[in-house]
2 protein chains.
Amino acid sequence: MAEESVQVCLCPLEGVIDTISKKWALLIINILGNHGRLRFNELMSGLEGISPKTLTDTLHLLQEEGLLRREAFAEIPPRVEYSLTADGGELLAAIRPLIRWAARREGFSETGCSPHCRRGPGHHGRKGKPVKSA
Amino acid sequence: MAEESVQVCLCPLEGVIDTISKKWALLIINILGNHGRLRFNELMSGLEGISPKTLTDTLHLLQEEGLLRREAFAEIPPRVEYSLTADGGELLAAIRPLIRWAARREGFSETGCSPHCRRGPGHHGRKGKPVKSA
DNA sequence: CGGGATCCTAGGGGATACTG
DNA sequence: CAGTATCCCCTAGGATCCCG
């Protein structure tokens, strides 16, 4: 097999796996890619279901990875904006094929649910992890 | 923002995230894609570091997802071979951009380490999670 | 050889309360 | 507003043993 291309080793993936494995990471990358710059609470509502701790945590991680940029303004009230770096944008582009593949598999129209479905109440609860409202 | 393409929602990703999040899933998909068909212990050595339970577990998951096929031969000694399904192959193709992106980021040559580096001693231990041999 | 059953652990992630 | 700190729970995943 593998006649369709060279054999690709997963070594490079090692570094990415723990990033994309971070349940919310891709969500953040994506929402940020779609909206440009967002503030903490905008992300909170956009992701709806994430806890502040987890958001902060993931945000820090992505920041360290150089995927997103954090800009704080010393104002009252405080304002902090997050946006993708070039790297983050490339990551977003890189996972698009994956999204399309997933979309085809699950019968999503993919472009038809942009505005409303970025919030996922039962996000990861598909297997047997009720969100709480269940 | 998002001028390069339509806004992509992550709904479809919900289903994929828990697959790609499975630390070893992509490794298995890839190794299987490169080697065609592999037996349990071949996977064990190829992944080197995975526990039989986890391998079995992940194998089952991927099987249920229809990404790989399991063929058991009633012989002595028993032989079981795993190979990608068409879907699995598509997934592999879908994550290639991701791999290339990761490879570029980390300075891998990506095609230069195929034969030897599919085993990762310190696979996920990059951040501070020594494998045990450390 | 393949892999199921069991046990155990680290830590990811949610909730809540509190602070700068 | 934008976090941080704390607590707790739960699941993924490693180790081990054993069976077909």
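Lettering of chains follows the sequences in order, A, B, ..., and the numbering in each one begins at 1.
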* Structure fact -> Side-chain atoms of A:Thr56 come closest, of D:dG3, D:dG20, D:dT4, to D:dT4
* Is any side-chain heavy atom of B:Tyr82 less than 4.5 Å from a side-chain heavy atom of B:Leu38? -> no
* Asked: Can you find a side chain N or O atom of B:Ser51 that sits less than 4.0 Å from OP1 or OP2 on D:dG14?
  -> yes
* **Salt bridge A:Arg105-B:Glu90, side-chain N to carboxylate O under 4.0 Å** => no
* Hey, which sits more toward the 5' end of DNA chain D by its nearest nucleotide, B:Thr54 or A:Arg79? => A:Arg79
* Distance below 4.0 Å between A:His60 side-chain N/O and D:dG3 OP1 or OP2 -> no
* Can you tell which of D:dG3, C:dG14, D:dG14 lies closest to the side chain of A:Phe40? -> D:dG3
* Structure fact -> Closest of C:dG14, C:dT16, D:dC1 to the A:Asn41 side chain is D:dC1
* **Presence of A:Arg39 side-chain N/O under 4.0 Å of D:dA2 phosphate oxygens OP1/OP2** => yes
* To do: Would you classify B:Tyr82 as touching base, sugar-phosphate or nothing, given that sugar-phosphate means primed atoms plus P, OP1 and OP2, and contacts are heavy atoms under 4.0 Å?
  => sugar-phosphate
* Please report, rounded to the nearest Å, how far the C1' atom of C:dG12 is from the CD1 atom of B:Ile17. => 14 Å
* Examine C:dG14: is either OP1 or OP2 under 4.0 Å from a nitrogen or oxygen in the side chain of A:Trp24? Give yes or no. => yes
* Asked: For A:Lys53 and D:dC7, is the shortest distance between a side-chain N/O and OP1 or OP2 below 4.0 Å?
  -> no
* Check the distance between D:dG13's P and B:Leu26's CG and give it to me in whole angstrom. => 12 Å
* Asked: How close or far is atom P of D:dA2 from atom CD of A:Glu42, stated in whole angstroms?
  -> 8 Å
* Asked: Is the shortest side-chain N to carboxylate O distance from B:Arg79 to B:Glu71 below 4.0 Å?
  -> no
* Asked: Which of these passes side-chain contact (heavy atoms from CB on, under 4.5 Å) with B:Ile28: B:Leu67, B:Leu84, B:Leu55?
  -> B:Leu55
* Round to the nearest Å and state the distance from A:Ile28 atom CD1 to C:dG13 atom C1'. => 12 Å
* Whole-Å gap separating P (D:dG13) and CD1 (B:Ile50) -> 8 Å
* Rounded to whole angstroms, how far apart are CE on A:Met44 and P on C:dA15? -> 9 Å
* To do: In whole angstrom, give the distance that lies between atom CZ of A:Phe73 and atom P of D:dG3.
  => 12 Å
* Would a distance-only check, ignoring hydrogens and angles, find a side-chain to backbone donor-acceptor pair under 3.5 Å from B:Thr85 to B:Gly66? -> yes
* **Residue closer to the 5' end of DNA chain C, A:Pro78 versus A:Leu55 (nearest nucleotide)** => A:Leu55
* **A:Pro52 side-chain proximity, nearest of C:dC1, D:dG13, C:dA17** => C:dA17
* Grab the NZ-C1' distance between B:Lys23 and C:dA10 for me, whole Å please. => 11 Å
